[in-house]
Amino acid sequence: MKSPLLSLPGAVPAEGVDEGVAAHYGDLFREQRALADGTGFVDLSHRGVVTVSGEDRLSWLHLLLTQHVSDLPAGRATEALILSAHGHIEHALYLVDDGTTVWAHVEPGTQDALLAYLESMKFFYRVEVADRTADTAVVHLPAGSIAPVPEGVVVRETPYGRDLFLPRADLEAYAAEVGPPAGILAYEALRVEQHRPRLGFETDHRTIPHELGWIGSAVHLQKGCYRGQETVARVHNLGKPPRRLVFLHLDGSEVHLPAPGTEIRVADEDPDGRKVGFVTSSVRHYELGPVALALVKRNVPPDAHLVAGDTAAAQETVVEP
């Protein structure tokens, strides 16, 4: 969905998955600094919004999600995954219960597949699922923000800030009240700095939660059965994931960032040697310079110097080998 905030001065449209909102409003580093200082907001109105209501909503979702939500208190934010039967990540949900309804925002364009899966699993449970993307816009307020929250708006409060489920019709008026706006590139730069994985960026068709550090934050290890649980338990108890997430400090003398998918090799080996991983997200950070997240093979030494394409990279451990 195309955001009305693309008409604001300086707005440059984002491309790819984030099409529909602004990449930036003319000053990427200023926008990052504002978010880091707890000011401004980010328009995430392109994200899908799904709700689950009904008296069985929490017990029903508890059976489907990787997170323990059967006793989720009203107002407490959490995140959860839906896995395939083989334990591969299919959906990531960022949710909160308001006392009568569970609200979740998801990656742009994934809500249809998610809704289809949820509808297929309703059976005799007293639940109703709905796509609220058309009438609800997600707005992010950074950690430390003192911006007001309109009465009646559902909020997810996390260590990284607050996600508001705002009526879409109120988006322009709210933006005028709490500005200045920051684009999705500023939001992404802070996400990468915080080592937070994103579905479709840090994941591919065979990603399991252990590779990205989602155990604990999105996967509860002591809850009941759910699809893919056998893989989660087996890897946790008996082995190690085949890959691990790393944070890369990139050579700042390079003009271009290595694009997602860029192959990673060990710098001390033959430049045409074996591939050990690939870049998943790359950004220019206002303090750290060019940085990235990447997936590498588990047996890559944590102190190995890497090369992403033609760019030298020093790694920082996110998931232990």
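Atoms considered below: every heavy atom in the structure, side chains included; atoms not considered: hydrogens, waters and symmetry mates. Each residue takes its place number in the sequence, starting with 1.
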N/O donor-acceptor pair under 3.5 Å between [X] side chain and [Y] backbone:
{"X": "Thr203", "Y": "Gly200", "answer": "yes"}
{"X": "Thr110", "Y": "Val106", "answer": "no"}
{"X": "Ser282", "Y": "Pro258", "answer": "yes"}
{"X": "Glu211", "Y": "Glu202", "answer": "no"}

Any side-chain heavy atom of [X] within less than 4.5 Å of one from [Y]?
{"X": "Asp131", "Y": "Asp112", "value": "yes"}
{"X": "Arg243", "Y": "Arg206", "value": "yes"}
{"X": "Leu5", "Y": "Val21", "value": "no"}
{"X": "Leu293", "Y": "Pro197", "value": "no"}
{"X": "Pro242", "Y": "Ile208", "value": "yes"}

Charged tip of Arg156 within 45° of Tyr94 ring normal and under 6.0 Å: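 Negative - Arg156 is either too far from the ring of Tyr94 or too far off its axis.
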
Looking at Glu128 and Arg57, does any basic side-chain N land under 4.0 Å from a carboxylate oxygen?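 No, this pair does not count.
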
Residues Glu90, Arg227: salt bridge by 4.0 Å N-O rule: yes

Closest contact, heavy atoms only, [X] versus [Y]:
{"X": "Val235", "Y": "Pro241", "result": "CG1-N, 3.8 Å"}
{"X": "Leu6", "Y": "Pro13", "result": "CD2-CA, 4.0 Å"}
{"X": "Gly75", "Y": "Val96", "result": "C-CG2, 3.7 Å"}
{"X": "Pro142", "Y": "Leu35", "result": "CB-O, 3.3 Å"}
{"X": "Pro209", "Y": "Leu83", "result": "CG-CD2, 4.0 Å"}

Exercise answer: donor-acceptor pairs, residues 244-251 side-chain atoms, under 3.5 Å, sequence neighbours excluded:
| residue | atom | partner | partner atom | Å |
| --- | --- | --- | --- | --- |
| Arg244 | NH2 | Val300 | O | 2.7 |
| Arg244 | NH2 | Gln315 | OE1 | 3.3 |
| His249 | NE2 | Glu316 | OE1 | 3.0 |
| Asp251 | OD1 | Ser253 | N | 3.0 |
| Asp251 | OD1 | Ser253 | OG | 2.9 |
| Asp251 | OD2 | Ser253 | OG | 3.0 |

Grouping I, L, V, M, F, W and Y whenever their side-chain heavy atoms are under 4.5 Å apart, do [X] and [Y] come out in a common cluster?
{"X": "Tyr286", "Y": "Val192", "result": "no"}
{"X": "Val139", "Y": "Val155", "result": "yes"}
{"X": "Leu166", "Y": "Ile146", "result": "no"}

Cut-off 3.5 Å, no hydrogens considered: what does the side-chain donor-acceptor table look like for residues 41-48, sequence neighbours left out?
| residue | atom | partner | partner atom | Å |
| --- | --- | --- | --- | --- |
| Asp43 | OD1 | Ser45 | N | 3.0 |
| Asp43 | OD1 | Ser45 | OG | 2.7 |
| Asp43 | OD2 | Ser3 | OG | 2.5 |
| His46 | NE2 | Asp18 | OD1 | 2.8 |
| Arg47 | NE | His105 | ND1 | 2.9 |
| Arg47 | NH1 | Glu107 | OE2 | 3.1 |
| Arg47 | NH2 | His105 | ND1 | 3.3 |

